[in-house]
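Structure first, then comments.
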Amino acid sequence: QVQLAESGGGLVQAGGPLRLSCTASTRTVSTPLMGWFRQAPGKERDFVAAINYFGGTLYFEESAKDRFTISRDSAKNTIYLQINNLKPEDTAVYYCAAGRGGTTLNDYSEWGQGIQVTVSS
């Protein structure tokens, strides 16, 4: 079983950048894709972005690339989510996930505990 540990969250001001990290305890063939979801208060957990071993990326929408960048350091089993020009609506708990791929919750079998990101206006 893969353990996922997120870091880098906190309270940030609108307009600023933030980088989240997620380190996996191991790499497995059953979880070739790692990604990020987020859950705002009172809302469902939504897909943000994912990346595979080869650096192929998937975002929740094409325009998301303007502010969100997912990357990975395979040697460290770590992925990153860079968010630029933060907005109050980015406030959410961000979850790291690992699985076979896709954009739905069911596509991912392993989950981190989540990390809070709060954007102040």
What pair of heavy atoms forms the shortest contact from [X] to [Y], and how long is it?
X: I70; Y: G35; value: CD1-CA, 4.3 Å
X: P17; Y: Q82; value: CB-NE2, 3.6 Å
X: A50; Y: L33; value: CB-CD2, 3.7 Å
X: T23; Y: K76; value: CG2-O, 3.8 Å

Set of residues satisfying side-chain hydrogen bond (donor to acceptor under 3.5 Å, both in side chains) with respect to [X], sequence neighbours excluded:
X: Q1; result: none
X: D90; result: R38, R67
X: T103; result: none
X: K87; result: none

Point-to-point distance, once rounded to the nearest 0.5 Å, from [atom1] of [X] to [atom2] of [Y]:
X: L86; Y: S121; atom1: CG; atom2: OG; answer: 12.5 Å
X: N85; Y: L18; atom1: CG; atom2: CG; answer: 12.5 Å
X: S7; Y: I115; atom1: OG; atom2: CD1; answer: 6.0 Å

Where at least one partner belongs to residues 64-121, residue pairs that pass disulfide bond (SG atoms under 2.5 Å apart), sequence neighbours excluded: C22-C96

Chi angles and distances behind the side chain to side chain contact (heavy atoms under 4.5 Å, CB included) call for T78, M34: CA-CA 9 Å; T78 298; M34 291 180 68; over 6 Å; no

Pairs touching [range] that satisfy salt bridge (charged side-chain N to carboxylate O under 4.0 Å, His left out), sequence neighbours left out:
range: residues 109-121; answer: none
range: residues 44-57; answer: none
range: residues 56-66; answer: E62-K65

All pairs passing ring-ring contact (aromatic ring centres under 6.0 Å, His included) where residues 21-54 contributes a residue, at least two apart: F37-F47, F37-Y108, F37-W111

Where at least one partner belongs to residues 85-107, residue pairs that pass ring-ring contact (aromatic ring centres under 6.0 Å, His included), sequence neighbours excluded: none

Does the side chain of [Y] come within less than 4.5 Å of [X]'s, by heavy atoms?
X: T69; Y: Y59; result: yes
X: V117; Y: L20; result: yes
X: L81; Y: V48; result: yes

Polar side chain donor-acceptor pair, T118 to Q116, under 3.5 angstrom: yes

Contacts of type side-chain contact (heavy atoms from CB on, under 4.5 Å), residue S25, not counting sequence neighbours: V2, Q3

Partners meeting side-chain contact (heavy atoms from CB on, under 4.5 Å) with S120 (sequence neighbours left out): L11, Q13

Expected output: side-chain R19 to main-chain G8 donor-acceptor under 3.5 Å: no

CD/Q113: more than 12 non-hydrogen atoms of other groups inside 6.0 Å: no

